[in-house]
Amino acid sequence: MEQGASLALPRLCVLLTALLALCPCCSQGTWMWLGIASFGFPEKLGCANLPLSARQKDLCKKKPHLLSGIREGARLGIQECRNQFRHERWNCSVTAAASPSSPSPTSDLSVFGYEQSSGTKETAFIYAVMAAGLVHSLTRSCSAGNMTECSCDASLQNGGSPSEGWHWGGCSDDIQYGIGFSRRFLDGTSNNSTGKYRDALTTMNLHNSEAGRQAVAKLISVDCRCHGVSGSCAVKTCWRTMSSFEKIGSFLKDKYENSVHVLDKLKKKVRRKEKDQRKIPVHKEDLIYTHRSPNYCMRDQKLGVPGTHGRECNRTSDGPDGCNLLCCGRGYNTHVVRHVQRCECKFVWCCYVRCRRCESVTDVHTCK
Ligand SMILES: *[C@@H]1O[C@H](CO)[C@@H](O)[C@H](O)[C@H]1NC(C)=O
Ligand SMILES: *[C@@H]1O[C@H](CO)[C@@H](O)[C@H](O)[C@H]1NC(C)=O
Ligand SMILES: *[C@@H]1O[C@H](CO)[C@@H](O)[C@H](O)[C@H]1NC(C)=O
Ligand SMILES: *[C@@H]1O[C@H](CO)[C@@H](O)[C@H](O)[C@H]1NC(C)=O
Ligand SMILES: *[C@@H]1O[C@H](CO)[C@@H](O)[C@H](O)[C@H]1NC(C)=O
């Protein structure tokens with residue numbers, strides 16, 4: 001499997017590079033390919049052969065040592081998207097084209113398929129979580145001492161509040177470098193992203209990427225360790241630390257649920273679609289979208305929506321994974337699945353373990 005993937009890789013890259021030449025604005029999200037497991041080792045391909053925009057290739061050539069951090073950021077983002085949406089009708093699956101063993105010129109070349117450019121709430125989440133992944137991964141490299149351009153946050157050294165019994169120490173995460181790099185790497189992908197030709201989707205993507213970065217900044221917290229005689233905690237050493245990426249994903253999922261519908265106009269300033277809500281400002285932490293989502297119930301080959309037929313659902317759940325919601329009211333099939341396990345194991349003197357074979361039966365429900 002791994003072998004097949006690596007053989008097909010050069011073909012995929014040629015294909016992506018050709019696509020970028022044809023359509024420079026498509027380049028906004030192609031870096032996301034770096035996060036696909038079967039993509040192999042981009043370090044070996046060299047910056048010029050990666051699915052990056054011209055500007056990103058320049059950055060990559062100047063700082064090739066960042067490539068593994070960029071790749072890890074993409075991987076984090078994709079993994080967390082799938083984690084947050086695993087129970088939803090749209091489950092953030094990576095498109096069929098994303099298995100590099102079968103790239104075909106007709107297939108959608110986005111990692112997330114249609115949803116990567118549909119202008120929906122799902123597009124918003126994708127851009128936010130991917131930009132956040134990049135910040136998180138680069139910041140971790142900074143703190144690990146793997147980078148020359150950044151390290152722990154030195155501004156906090158020696159500070160703190162000794163009278164209250166604590167001082168800054170250890171390594172505080174400095175997210176400024178990661179945020180700056182994420183902006184330079186993701187936001188300037190074409191001339192059109194700043195010029196007057198900037199379209200609504202670009203505006204939306206830039207806003208949501210920034211919302212992702214803001215989420216990482218907002219969820220920075222403080223960790224402390226106690227010192228003192230037998231754990232008396234007379235003195236505490238504290239440092240600032242990023243939240244786990246799962247927490248950031250969950251925060252962004254909440255932003256997704258409450259995302260703001262904005263006008264699909266070629267304007268730089270985003271405005272709410274709802275007329276009576278125009279006066280409420282759109283905050284930079286909000287996720288915004290321009291197009292309503294399909295309901296993701298039925299297969300739609302044109303849009304590349306797989307539908308929920310065959311998805312496993314939970315008969316007793318009221319949540320999105322419940323059979324009622326997930327199957328869109330179509331009902332479900334029940335299969336009996338047998339598991340055989342070793343059980344009632346006993347230690348027999350001397351020296352082996354004797355077990356029985358136990359069979360358990362569970363019902364598995366799948367959407368009609
Ligand atoms: C730092 O570099 C080492 C050695 O190259 C690597 O094993 C480790 O995963 C890196 N850590 C981070 C957080 O990038
Ligand atoms: C952006 O536009 C300038 C001048 O219009 C051009 O020289 C440059 O190559 C363009 N950059 C990209 C990435 O298209
Ligand atoms: C920017 O995009 C618009 C419409 O998408 C296009 O007509 C224009 O030629 C593009 N400009 C540049 C410099 O790429
Ligand atoms: C996500 O949905 C697709 C299409 O319905 C399905 O094939 C896949 O198994 C689902 N993935 C998970 C983790 O449920
Ligand atoms: C199904 O949903 C119920 C209620 O939310 C939960 O307690 C149970 O663990 C779920 N079952 C599975 C297999 O996820």
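In listed order, ligands and their atoms are each counted from 1.
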Are E274 and R278 ion-paired here, with the side-chain N under 4.0 Å from a carboxylate O?
-> no
Using atom types as modelled, flag every donor-acceptor pair under 3.5 Å from a side chain in residues 307-321 to any protein atom, sequence neighbours excluded.
from, atom 1, to, atom 2, distance (Å)
T308, OG1, L326, O, 2.9
T308, OG1, R330, NH2, 2.7
R311, NH1, E88, O, 3.2
R311, NH1, R89, O, 3.2
R311, NH2, R86, O, 3.3
R311, NH2, E88, O, 2.8
N314, OD1, T316, N, 2.9
N314, OD1, T316, OG1, 3.0
N314, OD1, S317, N, 3.3
S317, OG, G319, N, 2.9
S317, OG, D321, OD1, 2.7

Is a salt bridge present between R183 and E210, judged by a nitrogen-to-oxygen distance below 4.0 Å?
-> yes
Is the shortest N/O to N/O distance between R140 and ligand 1 below 3.5 Å?
-> no
For S118 and H291, does a side-chain donor sit closer than 3.5 Å to a side-chain acceptor?
-> no
T316 neighbourhood, listing ligand 5 atoms whose heavy-atom distance to it stays under 4.0 Å = 1 (C), 2 (O), 3 (C)
List below, pair by pair, the N or O atoms of ligand 4 and of the protein that are less than 3.5 Å apart, including the distance to 0.1 Å; reply 'none' if no pair qualifies.
from, atom 1, to, atom 2, distance (Å)
ligand 4, 2 (O), N91, OD1, 3.3
ligand 4, 2 (O), N91, ND2, 2.4
ligand 4, 5 (O), G307, O, 3.2
ligand 4, 11 (N), N91, ND2, 2.8

Y296 and E122: side-chain donor and acceptor closer than 3.5 Å?
-> yes
Are the aromatic ring centres of Y256 and F85 under 6.0 angstrom apart?
-> yes
Quick one: sort the F181 and Y177 rings into parallel, tilted or perpendicular, breaks at 30° and 60°.
-> parallel
